[in-house]
Structure formats: C-alpha cells, structure tokens
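Below is one structure, written out as structure tokens, with a few remarks after it.
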Number of protein chains: 2
Amino acid sequence: MSGTKLDQIDRKVLEILQTNAKITNAQLSKEIGLSPAPTLERVKKLETSGIIQSYHAQLNRERVGLGVTTFVQVTLVGHKKQVTESFVNAVREIPEIIECHHITGSGDFLLKVIARDISSYQVLMLEKINEIEEVASTQTMVILSTFKESKVLPIP
Amino acid sequence: MSGTKLDQIDRKVLEILQTNAKITNAQLSKEIGLSPAPTLERVKKLETSGIIQSYHAQLNRERVGLGVTTFVQVTLVGHKKQVTESFVNAVREIPEIIECHHITGSGDFLLKVIARDISSYQVLMLEKINEIEEVASTQTMVILSTFKESKVLPIP
DNA sequence: ACAGCCTCCAAATAAAATTCGGATATTGGT
DNA sequence: ACCAATATCCGAATTTTATTTGGAGGCTGT
C-alpha cells in the first residue's frame, strides 16, 4: 500500500484542507492541478489512512462569550502512575480544560483552560481544578492577546 | 438582527460542527430536530455573523512526520512597543511556530512549536528562534504526551 | 518488451446543498 | 388582548456537488 508516503500533491492537499476544510472537491482539484476523480481518491485515502483525523469548525471565542483563555502549569502531589491517572480522569470531566499535556520542565502538566471572564475563571480554579485531589499547586498564565494561531502544520 | 443571540438549537449546532464539521446538512437537521432548510439557514447565519470563523482538517502529527511539540516561554529584551512588534513579525515568518500568545506571569510570550524530532527542534531553536534579536531568553517545555485536546468549546 | 500496478481522466449517476413559496409561530406596540 | 411586523419553519423543486464507473496512459521490475 502506498498509503504511507506523501508526494508533493498530497502535501498540497493537506495544506489546503488544513486552511479551509470546506473547499469543494472541484475547487480543490483545480488548485492541485488534477481532475475531480483522482483528487477525491487522494482525500479519501488520506482520511482512511488516518493522516487526516477529523474536521472541526473553529468559533470566535469572544462571540460565544468565552473571553478568557489561560495556560495553567500544574504540579501534582506525586509522580506515581496512580496519581497521574486519577488526575487525568478528573481533567477529562472538566469541559473548560480543552488541552492537557504532560510536559518536561517545572511543573508536571500544562493545561489550556477557557472561561467566560476572569471571575468565572477564578470560580473554575477554586471549585474545580484546585479541588482535584492530586493537584499540589498551580500557576496560571493569562493570555493577554494572541498574535498567531495557525491551524496549518509545516509538513516536512 | 437576531444574529447575536444564540438559542439552545444554535448551541447544539455549534457543538456538533466543532466535533464534526463534515456532517451533512440532512444529518445535522435530524440531530437538532429541524428540517434541512432552516438548519442550513442557521448554519449560514452563524458563518456570516462570524461566530463560526472557519473549518479546518486536523492531521495526525506523528503520521506526517512531526513527532515533537513544545511550549516555549520567551522573555524579550525589553517591553517597548517596538520590541514586541518586531518579535511578532519574526514569529509570523516561522511556520513551525503555530501559536504565539502574549501572557502574564514569568516570561512575556508563550509559543507552541512543532518539529520533526528533537534534533530538528534543537536546530530550529538555535538557528531561528534564539536568533530573533528581541529574544533575551527562552525556556522550553517538551510535550511528553497529550491526554486531552478538545476542539469543542464549552459554550456558556 | 511486457505483465502488474498505479494514477489519471471524462462522463454518467447518485447524493447533497440550496432555493422558493407559503404556512405557522413570536414579538412588540397599542 | 389584539394586530401588524418579523422571524422561523416546512415540503418540494432546482441546482450544485460528490461519487462511481470504465478505460487510457505510464511506471516498475523482470
């Protein structure tokens, strides 16, 4: 199966679909210089092979009433497997936590957290996140403004 | 114009489209309990009003050869407007930097950076990011694993 | 050179989005 | 409570788009 190797056309397809997932197959085929049939075939292959995982709508956070985004560095009470697992399970139950990464460096985890405003954020931290048993301490970085948020990976 | 207020059906539409942007209008209409015509009308209104900003394909980073993701805390050489502007302009030119946020707390900026592997990452830092004139120092957090990466905002 | 495989295209078909006219609700003013 | 204006809805026709099909090159390895 050739599903593993990407040629130049595949890369172009991926770049375009990362930028604009709603493009029609006909338009996509023009931009990559093929006819619609093989274009569709390539896209389907990228989807079924798992290179394209999913498609998502991106919302304007301000417009839906979510004005505050933060990164939170979390230190846990220990580093046993059990502690991490319980923490991660708790994190999964909190929809305001939209990312949770295990990281190197100071702190054990980095979260990305969304809230309506600062006071909602305070409540969220006090009543939900700092209430997680495994959390020893947290340090918040509030996003003042975002200068770049690219949805397009630089495919090597 | 009622384009500003979201009712319960709009929220459902937004949740579904954040989860799966490729759903057909017919299927979406079933899930929200309306017929296709008004369903489409709602989606179009959400798009033209700017609440839905865009649609993106999400790729499997490993599968496209991008195995390393990091967060980088950046401290600049000063805090004048000019310094920040030059820095941000430099950042925009580097495709491996996929996010750039101005934040509170220690450090001035937080970047999200993608690379093929650790050694590519090292080269990127040495030759591109630490070469930006306005950068005084950087501190990297390498993502060891990601436990949650939700594309669905909890709309209040 | 040729068998096997892959990629491509044009055209037919199937599916989906979009438009349209009009019925039914909702809202705001008196 | 009434009425007019507005917004929302539906079913069905129309247009656009996706998908399938059959077959024509072209590349690879022998």
Side-chain angles (χ1 to χ4, degrees), chain A residues 1-60 62-66 151-153 155-156, chain B residues 1-60 62-66 151-153 155-156:
Chain A
M1 208 217 289
S2 77
T4 306
K5 285 151 195 160
L6 301 176
D7 64 15
Q8 220 36 55
I9 297 179
D10 289 324
R11 287 166 213 276
K12 194 81 184 290
V13 168
L14 291 175
E15 185 188 329
I16 293 170
L17 291 180
Q18 284 183 96
T19 303
N20 172 23
K22 273 295 175 72
I23 189 173
T24 66
N25 187 58
Q27 183 60 34
L28 178 61
S29 73
K30 275 182 201 163
E31 298 197 10
I32 66 175
L34 291 181
S35 75
T39 301
L40 189 65
E41 199 180 343
R42 279 170 182 268
V43 173
K44 293 297 173 195
K45 198 172 291 180
L46 290 168
E47 287 170 359
T48 61
S49 74
I51 291 175
I52 296 177
Q53 285 186 326
S54 46
Y55 297 91
H56 305 277
Q58 196 194 5
L59 309 190
N60 182 320
E62 300 272 344
R63 301 280 273 101
V64 296
L66 292 166
K151 300 296 172 184
V152 184
L153 304 179
I155 301 172
Chain B
M1 207 218 289
S2 78
T4 306
K5 286 150 194 161
L6 301 175
D7 65 14
Q8 221 35 57
I9 296 179
D10 289 324
R11 287 166 213 276
K12 193 80 184 290
V13 168
L14 292 175
E15 185 188 328
I16 293 170
L17 291 180
Q18 283 183 96
T19 303
N20 172 23
K22 272 299 175 70
I23 190 173
T24 66
N25 188 58
Q27 183 60 33
L28 177 61
S29 72
K30 276 182 201 163
E31 299 198 10
I32 66 175
L34 290 181
S35 76
T39 301
L40 188 65
E41 200 180 343
R42 279 171 181 268
V43 172
K44 292 297 174 196
K45 199 172 290 182
L46 290 167
E47 288 170 359
T48 59
S49 75
I51 291 175
I52 296 176
Q53 284 185 327
S54 46
Y55 297 91
H56 306 276
Q58 195 195 5
L59 309 189
N60 182 319
E62 300 273 345
R63 301 280 271 100
V64 296
L66 292 167
K151 301 294 173 186
V152 184
L153 303 180
I155 300 172

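Please read all numbers here as calculations on a predicted model, not as lab measurements. A note on names: the letters A, B, ... follow the listed sequences, proteins ahead of strands, and every chain is numbered from 1.
Side-chain N or O atoms of Arg63(A) include one that pairs as donor or acceptor with a backbone N or O of Ser49(B) at under 3.5 Å.
For Thr19(A), the side chain to side chain contact (heavy atoms under 4.5 Å, CB included) test picks out Val152(A), with sequence neighbours left out. Residues passing the side chain to side chain contact (heavy atoms under 4.5 Å, CB included) test with Lys22(B), sequence neighbours excluded: Glu47(A), Tyr55(A), Asn20(B). Under the side chain to side chain contact (heavy atoms under 4.5 Å, CB included) criterion, Thr39(A) pairs with Asn25(A), Leu28(A), Ser29(A), Ile32(A), Leu34(A), sequence neighbours left out. Remark: Glu41(B) engages no residue in a side chain to side chain contact (heavy atoms under 4.5 Å, CB included) (not counting sequence neighbours).
Protein atom NZ of Lys45(A) is 16 Å distant from nucleotide atom P of dT19(D), rounded to whole Å. The distance from atom CG of Leu34(B) to atom P of dA7(D) is 18 Å, rounded to the nearest whole Å. Taking atom CD of Glu41(A) as the reference point, atom P of dG22(D) lies 15 Å away to the nearest angstrom. The distance from atom CD1 of Ile9(B) to atom C1' of dA25(C) is 13 Å, rounded to the nearest whole Å. The nearest whole Å value for the distance from the CG atom in Asp10(A) to the P atom in dC6(C) is 15 Å. Atom NZ of Lys5(A) is separated from atom P of dC5(C) by 17 Å (rounded to the nearest Å). Rounded to whole Å, atom P of dT27(C) lies 11 Å from atom CG of Asp7(B).
Axis angle, first five pairs versus last five pairs of the helix from dA1(C)-dT30(D) to dT30(C)-dA1(D): 50°, rounded to 10°.
Using a 4.5 Å heavy-atom threshold, the side chains of Leu59(A) and Leu17(B) count as separate. With a 4.5 Å cut-off on side-chain heavy atoms, Lys151(B) and Gln18(B) do not count as touching. With contacts defined as side-chain heavy-atom distances shorter than 4.5 Å, the pair Lys30(B)/Ile23(B) does not qualify. Under the 4.5 Å side-chain criterion, counting only non-hydrogen atoms from C-beta, Leu153(A) is not in contact with Leu14(A).
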Practice prompt. Determine, for nucleotides 11-20 of chain C in 5'-to-3' order, which nucleotides have protein heavy atoms under 4.0 Å from the base (write B), from only the sugar-phosphate (write S), or from neither (write -).
Written response: -----SSBB-
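In terms of phosphate contacts, Arg42(A) brings no side-chain nitrogen or oxygen within less than 4.0 Å of OP1 or OP2 of dT7(C).
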